[in-house]
A.B. asks: 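The structure's right below; bear with me while I get my questions together.
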Amino acid sequence: MSSPTAENTARPAANRGIRKAVIVGGNRIPFARSGGAYAHASNQDMLTAALDGLVARFGLQDEAIGEVAAGAVLKHSRDFNLTREAVLGSALSATTPAYDLQQACATGMEAVIGLSNKIKLGQINSAIAGGVDSASDAPIAVSEGLRTILLDLNRAKSLTDKVKILGRIRPKDLSPDAPSTGEPRTGLSMGEHQALTTAQWKISREAQDELALASHKNMAAAYDRHFFDDLVTPYRGLTRDSNLRADSTLEKLAKLKPVFGKNLGDAATMTAGNSTPLTDGASAVLLASEDWAQAHDLPMLANVVDGEAGAVDFVHGKDGLLMAPAFAVPRLLARNGLTLADLDYLEIHEAFAGTVLSTLAAWEDEEFGKTRLGLDGAFGTVDRSRLNVNGSSLAAGHPFAATGGRLVATLAKMLSERGQVDGRPARGLISVCAAGGQGVVALLEAR
Ligand SMILES: CC(=O)CC(=O)SCCNC(=O)CCNC(=O)[C@H](O)C(C)(C)COP(=O)(O)OP(=O)(O)OC[C@H]1O[C@@H](n2cnc3c(N)ncnc32)[C@H](O)[C@@H]1OP(=O)(O)O
């Protein structure tokens, strides 16, 4: 192992160039449906467990990592730098700088891309990108009235003053301000937004249920052939994601009642079976320069080639809330001289089955290609045999900020197993939609 200060040894500026950022590997805890196995685990507990799993897997005990960047979408105010606290609670060296970042469901992706860029520039030699979320331990704020009373109480000097202040509490002050998945600009939940997009792109209920079933079957098969053995570390009694249903069938899925867009009549197609559940979990990915990985005798699974963020005006325009990747992916691929047909694997985050299928429909639509993407025709068709081949969020669940790390580690391993295709490194795309009408996408290639 290098000494704790070796990581921060700057390379002379003149020698800095764009170098490669490699994915060494990843680790996550099994994801749990909210209110289940991790009902009493905090974000800090889970992120620390994900980091410690990475430490154990790659021998990083007392190692000073260049930077750790992670975050949570649902965060308590006491966790002002959750990531640093998780590092301090882990077996990593306490001299590892760490910070929170937040880009909704694309948090882990943004962390991977930002840290990879720092590695490419020679600013750091190693990094851990991660994310965590707990829907079980979501922060619940007190009402404005109660907050004012509690702050006054804190300042009161005498017992008499305190009693007087407490006497101001009214029943309405006691109702909590609970978090929601509602978009602040529209008040609609993400599920309601997606229901509109799913209807706009005329995605059938059958197509959504088929995608959901494939996600469960593919992920269960991947667990059975031990694909996840070096990606998932058991935690609090769970060895697999608790949402995973190997026994799901199209008949069972077809019986579920619509839960979003119920006012859409026949176009109300989104159910608990083709939507991600509320989930708890954490993930972490180890990134490095080639030199650092070699010096530490660690594997190099894939390179982080490029990343791109996008946003849509879902408030005034006609693009759905979760459609930003439909624009970001074509930009990313064009910049790298690639088309959809050049990708060996695509990992498209299954926020809802309708999200994936609406994105694919937009790419196949000539009008969308011409008027929205500025192309001569449709952007292209995804070979479905290359899509989410080891399952995705519908099966694993979706602890918002932790999904990016899950996807990056999974794809890196798939690329490493695939190696070369037609004499060039296998390529894979990751696409993650995010709240606020945003999305973050990335391109990886096998070593
Ligand atoms: C955040 C970002 O930036 C971007 C994004 O990713 S957007 C996505 C954000 N995520 C969300 O908004 C989460 C959305 N999900 C939810 O709100 C809830 O999970 C939900 C409303 C969809 C469902 O909640 P619920 O009703 O409590 O679900 P649950 O009780 O587990 O399931 C209902 C039924 O479906 C069944 N079911 C679920 N999945 C099934 C499957 N694959 N096969 C068979 N049956 C299934 C369950 O067994 C259950 O049946 P019973 O009632 O007979 O027990």
Side-chain angles (χ1 to χ4, degrees), residues 31-36 71-75 102-110 131 133 135-136 138 178-184 188-198 208-220 241-262 268-281 309-312 314 320-325 348-356 358-359 391-404 406-407 431-440:
F31 292 167
R33 293 172 67 84
S34 70
V73 175
L74 301 172
K75 205 171 90 160
Q102 212 266 44
Q103 168 57 308
C105 295
T107 297
M109 290 289 290
E110 203 61 79
D133 255 298
S136 301
S180 81
T181 53
E183 275 294 324
L188 293 182
S189 71
M190 292 191 236
E192 291 299 331
H193 267 288
Q194 182 56 52
L196 296 173
T197 311
T198 304
Q208 292 171 66
D209 286 353
E210 276 165 20
L211 190 91
L213 185 71
S215 189
H216 285 275
K217 298 284 179 207
N218 288 340
M219 186 160 278
D241 313 302
S242 67
N243 184 59
L244 180 58
R245 294 167 192 254
D247 62 350
S248 187
T249 62
L250 278 182
E251 292 68 37
K252 284 185 196 165
L253 285 162
K255 284 195 185 118
L256 301 177
K257 292 204 166 57
V259 286
F260 300 115
K262 288 185 198 164
T269 53
M270 291 177 48
T271 68
N274 58 40
S275 305
T276 46
L278 294 167
T279 313
D280 306 335
V312 292
F314 66 99
L321 175 78
L322 303 177
M323 290 298 278
I348 304 186
H349 161 47
E350 298 164 339
F352 303 91
T355 316
V356 179
S358 300
T359 303
S392 190
S393 309
L394 287 166
H398 173 39
F400 309 127
T403 288
R406 177 184 69 73
L407 290 166
S431 164
V432 179
C433 57
Q438 304 200 81
V440 180

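This is a predicted model, so every value here is computed, not measured. Both counts, for ligands and for their atoms, begin at 1 and track the order of listing.
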A.B. asks: If the cut-off is 4.0 Å to any non-hydrogen atom of A351, which atoms of ligand 1 fall inside it?
C.D. replies: 5 (C), 6 (O), 7 (S), 8 (C)
A.B. asks: Under 4.0 Å from any heavy atom of A104, which atoms of ligand 1 are there?
C.D. replies: 3 (O)
A.B. asks: If you look at every heavy atom in A435 and A104, which pair is closest and at what distance?
C.D. replies: N-CB, 3.7 Å
A.B. asks: Can you sort out which atoms of ligand 1 are near H398, meaning under 4.0 Å from one of its heavy atoms?
C.D. replies: 5 (C), 6 (O)
A.B. asks: What are the two closest heavy atoms between A246 and K217, and how far apart are they?
C.D. replies: O-NZ, 2.7 Å
A.B. asks: Do T355 and E350 touch side chain to side chain, with heavy atoms closer than 4.5 Å?
C.D. replies: no
A.B. asks: Search all heavy atoms of Q194 against all heavy atoms of S358 and return the closest pair with its distance.
C.D. replies: NE2-OG, 3.5 Å
A.B. asks: Going by heavy-atom distance to atom 39 (N) of ligand 1, choose the closest among H216, H193, R245.
C.D. replies: R245
A.B. asks: Please state whether R33 comes within less than 4.0 angstrom of ligand 1, counting heavy atoms only.
C.D. replies: yes
A.B. asks: Under 4.0 Å from a heavy atom of F352: give me the atoms of ligand 1 that qualify, with their elements.
C.D. replies: 7 (S), 8 (C), 12 (O)
A.B. asks: Pick whichever of L256, T271, N274 has a heavy atom sitting closest to atom 37 (N) of ligand 1.
C.D. replies: L256
A.B. asks: Is P277 near ligand 1, meaning one of its heavy atoms is under 4.0 Å from it?
C.D. replies: yes
A.B. asks: Before signing off on this row, confirm whether S275 and ligand 1 have an N or O atom pair separated by under 3.5 Å.
C.D. replies: no
A.B. asks: Is M270 near ligand 1, meaning one of its heavy atoms is under 4.0 Å from it?
C.D. replies: no
A.B. asks: Which bit of Q194 is near ligand 1, meaning a heavy atom under 4.0 Å away: side chain, backbone, both or neither?
C.D. replies: neither
A.B. asks: Which atoms of ligand 1 have any heavy atom of F400 under 4.0 Å away?
C.D. replies: 1 (C), 9 (C), 10 (N)
A.B. asks: Within a distance under 4.0 Å of any heavy atom of A435, pick out the atoms of ligand 1 and give their elements.
C.D. replies: 2 (C), 3 (O), 4 (C)
A.B. asks: Do other residues, nucleotides or ligands put more than 12 heavy atoms under 6.0 Å from K252 NZ?
C.D. replies: yes
A.B. asks: Is L321 close to M190 at the side-chain level, that is, under 4.5 Å between some pair of heavy atoms?
C.D. replies: yes
A.B. asks: Please name the pair of heavy atoms, one in A268 and one in G261, separated by the smallest distance, quoted to 0.1 Å.
C.D. replies: CB-O, 3.2 Å
A.B. asks: Using a strict cut-off of 4.0 Å, indicate which atoms of ligand 1 neighbour a heavy atom of L278.
C.D. replies: 13 (C), 19 (O)
A.B. asks: Return a table of donor-acceptor pairs under 3.5 angstrom between the side chains of residues 269-279 and protein atoms on other chains or two or more places apart.
C.D. replies:
residue: T269; atom: OG1; partner: Q208; partner atom: NE2; Å: 2.8
residue: T271; atom: OG1; partner: G273; partner atom: N; Å: 3.0
residue: T271; atom: OG1; partner: N274; partner atom: N; Å: 3.2
residue: N274; atom: OD1; partner: T271; partner atom: N; Å: 2.8
residue: N274; atom: ND2; partner: D209; partner atom: OD1; Å: 3.0
residue: N274; atom: ND2; partner: T269; partner atom: O; Å: 3.1
residue: S275; atom: OG; partner: T271; partner atom: O; Å: 2.7
residue: T276; atom: OG1; partner: A351; partner atom: O; Å: 2.8
residue: T279; atom: OG1; partner: P277; partner atom: O; Å: 2.7
residue: T279; atom: OG1; partner: H398; partner atom: N; Å: 2.9

A.B. asks: How far apart are the closest heavy atoms of A402 and G131, and which atoms are they?
C.D. replies: CB-O, 3.4 Å
A.B. asks: Quick check: closest heavy atoms across H349 and C433, and the distance to 0.1 Å?
C.D. replies: CD2-SG, 3.8 Å
A.B. asks: Under 4.0 Å from any heavy atom of T276, which atoms of ligand 1 are there?
C.D. replies: 10 (N), 13 (C), 14 (C), 15 (N), 19 (O)
A.B. asks: Any heavy atom of C433 closer to ligand 1 than 4.0 angstrom?
C.D. replies: yes
